[in-house]
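Here is how names work: the chains are called A, B, and so on, in the same order as the sequence lines, proteins then strands, and each is numbered from 1.
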Amino acid sequence: MQPPLPRSFYTRGAVQVARALLGKVVAHGQTSGTIVETEAYLGPGDDASHSARGITPRTRVIFGPPGHAYVYLIYGMYECLNLVAEPEGVPGCVLIRAIEPVSGLDQMRRRRGVARIEVLANGPGKLTRALGIHLRHSGTDVTRGPITVHPPARDTPIEIAVSTRIGITKCADLPLRFFIRGNPYVSRGSGAS
DNA sequence: CAATAGATCATCT
DNA sequence: GATGATCTATTGC
């Protein structure tokens, strides 16, 4: 596995980072997967983002230096993994919505309690469970670990498709969701194709 | 197949 | 006290 992506990768707009993350590999322990679906969350003006209403203890990390993990609990049940973008002081992050499992498949199956590979990590709450990512990982540096993001082992050409974000009620019309067109591991509830 | 109900809690008001 | 950037099981065609 190649070294993690440098902090400069994340030091740019959240939309750019969201697009650039497609095809990259996120790893935690022995488990890893290729990112196939992302969403960008901006700062003030994007009322769907947690950082829209300023700094709180939880959202502090989104305003901090790029290349860190922002993990939060949703619906009392599931953790969601974001990667912080933008220079320090500027809010913006990228939600990882789906990955294609690459390594540690048996451990992922055990953590998830399902066998079918297509369904192991094709959703934001599923992939954190498959990778063993928890709330306590919020604020950790993904250029150092334990969660890391790497270039793919083999660079394969991809076509990026764009749509509106899923599951939100505010700012629901912005084209800020990005996914690899035709990839079978993109989450359902999608306007894929 | 589509629609819906319920689980469950950190965070913010 | 209200609110979710979700998922699964179950119901009803």
- For A:K126 and C:dT8, is the shortest distance between a side-chain N/O and OP1 or OP2 below 4.0 Å? yes
- Message: Side-chain N or O of A:H50 versus OP1/OP2 of B:dT11: is the shortest distance under 4.0 Å?
- Response: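 False: A:H50 side-chain N/O out of range (4.0 Å or more) of B:dT11 OP1/OP2.
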- Message: From C-beta outward on A:P124, which listed nucleotide comes closest to its side chain: B:dA10, C:dA5, C:dC7?
- Response: C:dC7
Find the distance [X]:[atom1] to [N]:[atom2] and express it as a whole number of Å.
X: A:H134; N: B:dC9; atom1: NE2; atom2: P; result: 15 Å
X: A:E39; N: C:dG4; atom1: CD; atom2: P; result: 16 Å
X: A:L95; N: C:dG4; atom1: CG; atom2: C1'; result: 14 Å
X: A:L135; N: C:dG4; atom1: CG; atom2: C1'; result: 14 Å

- Task: Let me know, please, whether A:C93 or A:R112 comes out on the 5' side of the other along DNA chain C by nearest nucleotide.
- Result: A:C93
- Toward the 5' end of DNA chain C, by each residue's nearest nucleotide, A:T169 or A:G123: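 The residue closer to the strand's 5' end, by nearest nucleotide, is A:T169.
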May I ask you to say what [X] touches in the nucleic acid, namely base, sugar-phosphate or nothing, with a heavy-atom cut-off under 4.0 Å?
X: A:R97; value: sugar-phosphate
X: A:R58; value: sugar-phosphate
X: A:R129; value: nothing

- Base-pairing assignment for B:dT11 (Watson-Crick or G-U wobble, both under 3.5 Å):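 Check on B:dT11: paired to C:dA2, both distances under 3.5 Å.
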- For B:dA2, give its Watson-Crick or G-U wobble partner with both distances under 3.5 Å, or none.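 Result: C:dT11.
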- Query: Just checking, is any N or O donor in the side chain of A:S51 or A:T59 under 3.5 Å from an acceptor N or O on the other one?
  - Reply: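 No pair is found: no donor N or O on one side chain lies under 3.5 Å from an acceptor on the other.
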- Message: Could you check whether A:R177 makes a cation-pi contact with A:F179, meaning its NZ or CZ is under 6.0 Å from the centre of the six-membered ring and within 45° of the ring axis?
- Response: yes
- Near DNA chain B, which residues from residues 66-91 of chain A have a heavy atom under 4.0 Å away? A:L73, A:Y75, A:G76, A:M77
- Message: Keeping A:T140 on the side-chain end and A:H137 on the backbone end, is there a donor-acceptor pair under 3.5 Å?
- Response: yes
- Pairwise distance OG(A:S138) to CD(A:E79) - rounded to 0.5 angstrom: 10.0 Å
- Task: Please round to the nearest 0.5 Å and tell me the distance separating atom CD of A:E37 and atom CD1 of A:I180.
- Result: 10.0 Å
- A:Y72: ring-ring contact (aromatic ring centres under 6.0 Å, His included) partners, not counting sequence neighbours: A:H50, A:Y70
- Residues A:R7, A:D141: salt bridge by 4.0 Å N-O rule: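 Counted as a salt bridge, because a side-chain N and a carboxylate O are separated by less than 4.0 Å.
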